[in-house]
Visitor: 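Have a look at this one.
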Amino acid sequence: MFSRPLSRRVFLKASGGALVGTLAFASGPIALLAPSRSWAVTTEQFTTHESEALLQFTRHVFPHRDLEDAVYALVVKDLDRQADADPAILALLRDGVTALDRQADGDWLALDATQRQSSVAEAAGSPFFEKIRSSAVVSLYSNPLAFAHFGYQGEEGDMGYLFKGFDDLTWLPDPPVADSGLMPGA
Amino acid sequence: MAQFDNSKTFAHDDDSVVVIIGSGAGGGTLANELAQQGIDVVVLEAGALHDRPDFHADEWPAFSQLSWLDNRTTSGSWRIARDFPNLPTWICKTVGGTTVHWAGASLRFQPHEFQALTHYGALDGANLLDWPVGYDELAPYYTRAEDKMGVTRTNDIAGLPGNNNFKVMHAGAQKLGYACNTGHMAINSRTRDGRPGCQQRGFCFQGCRFGAKWSTLYTELPAALLTGHAELRTNAHVAQIEHDAKGHATGVTYFDKDGNLVRQKARLVAVAGNSIETPRLLLNSASAMFPNGLANSSGQVGRNYMRHMTGSVYATFDEPVHMYRGTTMAGIIPDEARHDTSRGFVGGYEMETLSLGLPFMAAFLDPGAWGEAFTGAMDQYAHMAGMWLVGEDMPRASNRVTLHDELKDQHGLPIPNVHYDDHPNDEAMREHAYLKGSELYAAVGARDIYRVPPYPSTHNLGTCRMSAQAQDGVCNAYGQTHDIPNLFISDGSQFTTSAAENPTLTIVTLAIRQAEHIGKLMKERAV
């Protein structure tokens, strides 16, 4: 499906803080792309706990039930990069996770999903929430794993769909030639 | 890239040249049309050169590569000011300007749209005016523009084949009794003018890799350079237009790629920086003689900013669509473009298919949104069809580009603030358009229908408008400013009103006509 193989780094890098997991959908579109069912994303700034909290938080902001954690981990990676470049962002995100944990009397991740969801809703509009939302709305949906999951072909379109399905919709009648033009050469 | 090499260069103190600021639909076309007459032109383009091999088939990287991202501020009640406060527009800073990004829709304005005040009457809160030029005068120039640009379904050029997104729109149009075809597009359906036919990539907005879509980048500009009468300077950001004691333009100063301030003399200056930068430059060129900015005796420079009434409707279906395959604007319904006040508003709107890739769908579906309503839509991305609604918006004196009091750009020049409030007519038209777009998709069995708010503006118009009387506008019917005879406006800033149609064809049409007029004035030594 993709003209370029995915970097193995996305799946197999390990040092410092890390998110690790196993693909939930062994035969899903992402598994077809992955060199291995196991994946790991490392972070420079965030601890493993912070990374896990940020990942869960992002899942509550943009809840796609069947979307692999491996894709949400790319948002954490994006936030980590931003935190690495700007201490104010690091403080915002670190303090935000600390505040979540404090509200949960210890470990926000130990709360059940409903409780977590309500704390995310409470945070809506805060700088912490907005940093995660505004980053995730870009990084969650702008990567080859997300493309595969949501059915967008990305760079595969670069050479054109003229002979690769640009008009392959069959559940509606074909428009007459007067309204739609002929294929070149036809 | 030999076709962009300057075979001829001009001295900075050569005051016989025409300086053109901007290389997009207006500036790029004007440059070629003048050079073909043997008139020497220097094109100053603020952006860098990115040609077809450089384009990205990836929305965010392409956006970073091509867009005008210099800081701007916004104010007013438009939602853009909340969601994208520093990005009022989606236009380009690159050789070829926004013709690199445009979707290619090339529709003539309707005759009555040149006489908006006459046909619509005076509306409260609107600054309507008739154009000083009419459809009949422009018709032969429209014909030349369509030939130059290779517009489908004109000049015996075949229409483009329709993609999946078009099929959905067409089926809905049939149910509602609308006409719908693959439109008048400046996209080659067959090889023409040395450029190949469309390969249906679906990356029209990101720059056409094959050059099937008309852009000044690989048509007008290389053709101009080939004459030996044109020089293209890239990364040249104009700071000021200068004038003499008689109030005539004498040249410009610009920052070159190294940040050095350079002075280029000129016999005539034409400004085509798009409707934010054009008035900004005139305002930033204020002098003792022209304290309110150049060509601004009317006070209209920067006012009457129009961006079209826009909005989008996306709908999801049980079966897949894959709308992103193929031309971005694949089909057009003209039925609602008529002027018919029984709908509760003046003017009209076009319905045009549109698709966004996954990254931009996330960014623009409902900016700021989160939670299951948002993700539920994204989950259905592959089953989604979409259309853009684009119609006439009202010129308002208070919708305005002004200079920021404090903030400066990378060159130390005051940045622009863009203020916009929808007119009640715009709101009524948008509501009608949302309803009709929704009805269309409901008629083909839509599951969910989404009303998507306006994107940052690609159609920016009116901030140096044409007028018959000098007190009503900035320039005359040829784009020549009322105040300074050798200063011309050559982009969509000239538009007196916005009409419903995508503006590029009319910008090119006006540039062809303007070039002819400038050639005549120069021959007569009138400028």
Visitor: Taking B:Asn181, B:Val321, B:Leu358 one by one, which has the highest count of heavy-atom pairs under 4.5 Å against chain A?
Guide: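 Result: the option with the highest number of such pairs is B:Leu358.
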Visitor: Out of A:Leu140, A:Leu67, A:Ile30, which residue meets the side-chain contact (heavy atoms from CB on, under 4.5 Å) rule with A:Leu145?
Guide: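 The single option meeting the side-chain contact (heavy atoms from CB on, under 4.5 Å) with A:Leu145 is A:Ile30.
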Visitor: Pick whichever of A:Pro176, A:Ala178, A:Gly160 has the most heavy-atom pairs under 4.5 Å with chain B.
Guide: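 Greatest number of close heavy-atom pairs with chain B: A:Gly160.
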Visitor: Return yes if a side-chain donor-acceptor contact under 3.5 Å exists between A:Arg116 and A:His60, otherwise no.
Guide: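 There is such a pair between these side chains.
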Visitor: Do you know which of B:Gln380, B:His322, B:Met378 has the most heavy-atom pairs under 4.5 Å to chain A?
Guide: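 When all of B:Gln380, B:His322, B:Met378 are compared, B:Met378 has the most.
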Visitor: If the condition is ring-ring contact (aromatic ring centres under 6.0 Å, His included), which residues does B:Trp370 pass it with, not counting sequence neighbours?
Guide: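 B:Trp370 satisfies ring-ring contact (aromatic ring centres under 6.0 Å, His included) with A:Phe129 only.
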Visitor: Out of the candidates A:Leu79, A:Val75, A:Ile132, only one should pair with A:Phe57 under the side-chain contact (heavy atoms from CB on, under 4.5 Å) rule; please name it.
Guide: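 For A:Phe57, the side-chain contact (heavy atoms from CB on, under 4.5 Å) check succeeds only for A:Ile132.
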Visitor: Taking the six-membered ring for Trp, are B:Tyr314 and B:Tyr450 closer than 6.0 Å centroid to centroid?
Guide: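 Centroid separation for B:Tyr314 and B:Tyr450: 6.0 Å or greater.
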Visitor: Side chain, backbone, both or neither: which part of A:Asp168 has an atom under 4.5 Å from a heavy atom of chain B?
Guide: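 Both backbone and side chain.
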Visitor: Relative to chain A, which segment of B:Met323 carries a heavy atom at a distance below 4.5 Å: side chain, backbone, both, or neither?
Guide: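 It is neither, since no heavy atom gets under 4.5 Å.
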Visitor: Tell me, out of B:Gly202, B:Gly357, B:Gly197, B:Ala158, who's got the most heavy-atom pairs with chain A below 4.5 Å.
Guide: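 Most heavy-atom pairs within the cutoff with chain A belong to B:Gly357.
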Visitor: Please look at B:Leu160 and chain A and tell me whether the side chain, the backbone, both or neither of the residue comes under 4.5 angstrom of a heavy atom of that chain.
Guide: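 Contact with chain A involves the backbone of B:Leu160 alone.
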Visitor: Could you have a look at A:Asn143, A:Val177, A:Asp174 and say which one has the most heavy-atom pairs with chain B under 4.5 angstrom?
Guide: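 Highest number of heavy-atom pairs under 4.5 Å: A:Asp174.
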Visitor: Could you tell me which portion of B:Phe317 (side chain, backbone, both or neither) has an atom closer than 4.5 angstrom to a non-hydrogen atom of chain A?
Guide: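 Side chain only.
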Visitor: Establish, from distance only, whether the side-chain atoms of B:Gln200 and B:Asn163 form a donor-acceptor pair under 3.5 Å.
Guide: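 No - no donor-acceptor pair under 3.5 Å links their side chains.
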Visitor: Please check if any side-chain donor atom of B:Tyr455 sits under 3.5 Å from a side-chain acceptor atom of B:Ser312, or the reverse.
Guide: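 Per modelled atom types, B:Tyr455 and B:Ser312 side chains form a pair under 3.5 Å.
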Visitor: Can you tell which of A:Val61, A:Thr170, A:Asp158 has the highest number of heavy-atom pairs within less than 4.5 Å of chain B?
Guide: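 With the most close heavy-atom pairs to chain B, the winner is A:Asp158.
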Visitor: Quick one, B:Ile332 and B:Met185 - any side-chain contact, counting heavy atoms below 4.5 Å?
Guide: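 With C-beta onward as the side chain, the pair touches.
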Visitor: Quick check for you: among A:Gly125, A:Gly165, A:Ala136, A:Ser139, which has the greatest number of heavy-atom pairs under 4.5 Å with chain B?
Guide: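 Highest number of heavy-atom pairs under 4.5 Å: A:Gly165.
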Visitor: Counting only heavy atoms closer than 4.5 Å, note whether A:Ala146 contacts chain B via side chain, backbone, both or neither.
Guide: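 Answer is both: backbone and side chain atoms of A:Ala146 are under 4.5 Å from chain B.
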Visitor: I'd like to know if the side chain of A:Trp39 pairs up with that of A:Thr22 as donor and acceptor (distance under 3.5 Å, no hydrogens or angles considered).
Guide: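 No pair is found: no donor N or O on one side chain lies under 3.5 Å from an acceptor on the other.
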Visitor: Between B:Phe55 and chain A, which part of the residue has a heavy atom less than 4.5 Å away: side chain, backbone, both or neither?
Guide: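 It is neither, since no heavy atom gets under 4.5 Å.
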Visitor: For chain A, find which of B:Thr191, B:Thr182, B:Asp318 contributes the most heavy-atom pairs closer than 4.5 angstrom.
Guide: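 With the most close heavy-atom pairs to chain A, the winner is B:Thr182.
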Visitor: Scan B:Tyr324, B:Trp388, B:Trp90 and name whichever one has a ring-ring contact (aromatic ring centres under 6.0 Å, His included) with B:Phe205.
Guide: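 Testing each of B:Tyr324, B:Trp388, B:Trp90 against B:Phe205, the sole residue satisfying ring-ring contact (aromatic ring centres under 6.0 Å, His included) is B:Trp90.
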Visitor: Counting heavy-atom pairs under 4.5 Å to chain B, which of A:Tyr141, A:Phe62, A:Phe163 comes out on top?
Guide: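 Most heavy-atom pairs within the cutoff with chain B belong to A:Tyr141.
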Visitor: Taking side chain as everything from C-beta outward and backbone as N, CA, C, O, which of these in A:Leu182 sits under 4.5 Å from a heavy atom of chain B? Side chain, backbone, both or neither.
Guide: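 Both parts, backbone and side chain.
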Visitor: Please check if any side-chain donor atom of A:Ser135 sits under 3.5 Å from a side-chain acceptor atom of A:Gln82, or the reverse.
Guide: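 A pair is found: one side chain offers a donor N or O, the other an acceptor, under 3.5 Å apart.
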Visitor: Less than 4.5 Å to any heavy atom of chain A: does that hold for the side chain of B:Ala171, its backbone, both, or neither?
Guide: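 Answer is side chain: those atoms of B:Ala171 sit under 4.5 Å from chain A.
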Visitor: Quick one: what part of B:Ala369 sits under 4.5 Å from any heavy atom of chain A, side chain, backbone, both or neither?
Guide: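 Only the backbone of B:Ala369 comes within 4.5 Å of chain A.
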Visitor: Heavy-atom pairs under 4.5 Å with chain A are the metric here; pick the option from B:Asp58, B:Thr327, B:Thr375 that has the most.
Guide: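 The answer is B:Thr375.
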Visitor: Is it the case that the side chains of B:Tyr178 and B:Glu336 hold a donor-acceptor pair, with the cut-off being a distance below 3.5 Å and no angle test?
Guide: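 Short answer, yes.
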Visitor: For each of B:Cys180, B:Gly183, B:Gly376, tally heavy-atom pairs with chain A at distances under 4.5 Å, and name the one with the top tally.
Guide: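 Result: the option with the highest number of such pairs is B:Cys180.
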